[in-house]
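Notes to accompany the following structure.
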Amino acid sequence: MEEVREYRALFAVDIVGSSGRGDVALEQIRQVLSAALHASFTRGGVDWDDCLRHDLGDGMRVVAPAGTPETSLIHPLVHELTARLRAHNLLAGKPTRIRLRMALHAGSVQVGRDGTVTGRPLEVLARLLDAEPVRTALAQAPEATTALLVSEHFHETAVCQGRPGIEPAAFRRVDVREKEFAGSAWLHVPAYGGAPQATGSAPNRTASDADRTASDANRTSSDADAPAGNTKVISKASGHGVIYALGNGTMNIGGK
């Protein structure tokens, strides 16, 4: 059967922890995922019916139509898909909540007249989807809905330029070694605006942080009426008063 070689953008998703949920729950989440993908591709200006799709059982591989800009598969597609699944998860029970690993790559593949797609780029896509960095990212960020791993080639083509809606700083370079594939890729966790650090945690909130928060919370609308050049701050004291301090050095203490 006649085949043609075409440059295509490739996208794949896999549902995290799909096994053990039972046939009914799996069928429900497959339907939700399919609908969310359809809507997200359409929102990104990519005709879902023109995509070549392959059901992976607990995920899907999508070969975009020839000529599809790679950038559209990140923004708005990835962010749209993440937002739709978050909205679903807010109302879904635990058996039907969805978290996704996602992978993006692009390259020259053979496309058969029957829609069959073959080629090395599909192997790279599969290795990225199963790679340890993207699995670890979701394990370390239980509140995240999705995690995305893009190939070095895709990153150079679609991310580096910093197109509207795509923030290069939100991607972190990682090493991938999966079966016959070894190379660099770029990790992005949309729930956090970027990939979490491999080690370390957020600093503890100090007492001074709490004091500043309380001070901010107690600012009143009368601040807008303060004379030019003066800064009015209302800060709770530990005693029995409220201290009103103006930027010109005047301090008023009122008992309570």
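Because the structure is predicted, anything quoted here is derived from the model rather than measured.
The shortest distance between side-chain heavy atoms of Ile74 and Leu104 falls below 4.5 Å. You'll find the side chain of Leu125 reaches within 4.5 Å of the side chain of Arg61, heavy atoms only. Residues Leu148 and Leu187 form no side-chain contact, since every pair of their non-hydrogen atoms from C-beta on lies 4.5 Å or further apart. Counting only heavy atoms from C-beta outward, the side chains of Thr71 and Ile166 approach each other to under 4.5 Å. No side-chain heavy atom of Glu123 sits under 4.5 Å from any side-chain heavy atom of Phe181. In this structure, the side chains of Asp175 and Ser184 come closer than 4.5 Å at one or more pairs of heavy atoms. Counting heavy atoms from C-beta outward, Ser108 and Glu6 have side chains that stay 4.5 Å or more apart. Val63 places none of its side-chain heavy atoms less than 4.5 Å from the side chain of Val111.
The main-chain N or O of Ala169 is found under 3.5 Å from a side-chain atom of Glu167 such that the two form a donor-acceptor pair. Side-chain N or O atoms of His88 include one that pairs as donor or acceptor with a backbone N or O of Thr96 at under 3.5 Å. Asn89 contributes a side-chain N or O that, together with a main-chain N or O of Ile98, makes up a donor-acceptor pair within less than 3.5 Å. Put simply, the side chain of Ser151 never gets that close to the backbone of His105: no donor and acceptor are under 3.5 Å apart. The backbone N or O of Pro65 lies less than 3.5 Å from a partner atom in the side chain of Thr68, making a donor-acceptor pair. A donor-acceptor contact shorter than 3.5 Å is absent between the side chain of Arg21 and the backbone of Leu26. Panel note: side chain Gln28, backbone Asp23; no donor-acceptor pair is recorded below 3.5 Å.
Leu129 and Val176 sit in two unconnected hydrophobic clusters of ILVMFWY residues. Membership requires side-chain heavy atoms under 4.5 Å apart, directly or through other members. No path of Ile, Leu, Val, Met, Phe, Trp and Tyr side chains, each step under 4.5 Å between heavy atoms, connects Leu81 with Val16, placing them in separate hydrophobic clusters. Cluster annotation: Leu91 and Leu85 are assigned to distinct hydrophobic clusters (Ile/Leu/Val/Met/Phe/Trp/Tyr, side-chain heavy-atom contacts under 4.5 Å, transitive). Cluster annotation: Val13 and Val62 are assigned to the same hydrophobic cluster (Ile/Leu/Val/Met/Phe/Trp/Tyr, side-chain heavy-atom contacts under 4.5 Å, transitive).
Distance check, rounded to the nearest 0.5 Å: CD of Gln110 to CZ of Arg5 gives 4.5 Å. The distance from atom CZ of Arg84 to atom OG1 of Thr145, rounded to the nearest 0.5 Å, is 14.0 Å. Here the CG-CZ distance, from Leu90 to Arg86, works out to 9.5 Å after rounding to the nearest 0.5 Å. Interatomic distance, Ser18 OG to Leu56 CG, rounded to the nearest 0.5 Å: 11.0 Å. With values rounded to the nearest 0.5 angstrom, His75 atom NE2 is found 7.0 Å from Arg43 atom CZ. Atom CG of Asp49 sits about 12.0 Å away from atom CZ of Phe41, to the nearest 0.5 Å.
Applying the salt bridge (Lys or Arg N to Asp or Glu O under 4.0 Å) test to pairs two or more places apart or on separate chains, those with a residue in residues 88-104 are Asp14-Arg101, Arg101-Asp130. Within the structure, salt bridge (Lys or Arg N to Asp or Glu O under 4.0 Å) pairs that include any residue of residues 177-187 comprise Arg120-Glu180, Arg127-Glu180 (at least two apart or interchain).
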Next item on the list: Begin with the C-alpha distance, continue with both residues' side-chain angles, and end with the deciding distance and a verdict on side-chain contact (heavy atoms from CB on, under 4.5 Å) for Arg53 and Met60.
Entry: CA-CA 7 Å; Arg53 307 186 298 272; Met60 187 175 293; 4.1 Å; yes

Next item on the list: In sequence, state the C-alpha distance, the side-chain angles, and the governing distance for Val124 and Phe154, and then conclude on side-chain contact (heavy atoms from CB on, under 4.5 Å).
Entry: CA-CA 12 Å; Val124 173; Phe154 201 97; over 6 Å; no

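Looking only at atom types and distance, the side chain of Thr146 has a donor-acceptor partner in the side chain of Thr82 under 3.5 Å away.
Closest approach of Cys51 and Ala64 over heavy atoms only: SG-CA, 4.3 Å. Shown here for Pro95 and Ala25, the closest heavy-atom pair between the two residues is O-CB, 3.7 Å. Annotation for Gly115 and Leu52: closest pair O-CD1, 3.9 Å, computed over non-hydrogen atoms. Closest non-hydrogen pair, Pro168 versus Cys160, comes out as CG-O, 4.0 Å. Scanning both residues, Leu10 and Pro121, for their nearest heavy atoms gives CD1-CB, 3.6 Å. Across all their heavy atoms, Leu128 and Ala103 have their closest contact at CB-CB, 3.9 Å.
Below 30°, between 30° and 60°, or above 60°: for His188 and Phe171 the angle between ring planes is below 30°, a parallel geometry.
By the side chain to side chain donor-acceptor pair (under 3.5 Å) test, Glu152 pairs with Arg173, Trp186, sequence neighbours left out. Under the side chain to side chain contact (heavy atoms under 4.5 Å, CB included) criterion, Thr116 pairs with Asp114, not counting sequence neighbours. Every residue meeting the side chain to side chain donor-acceptor pair (under 3.5 Å) condition with Glu70, not counting sequence neighbours, appears here in chain and number order: Tyr7.
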Let me have the donor-acceptor pairs involving side chains of residues 29-39, under 3.5 Å, with sequence neighbours excluded, atom names and distances please.
residue, atom, partner, partner atom, Å
Arg30, NH1, Asp55, OD1, 3.0
Arg30, NH1, Asp55, OD2, 3.2
Arg30, NH1, Gly57, O, 2.6
Arg30, NH2, Asp55, OD2, 2.9
Gln31, NE2, Glu27, OE2, 3.2

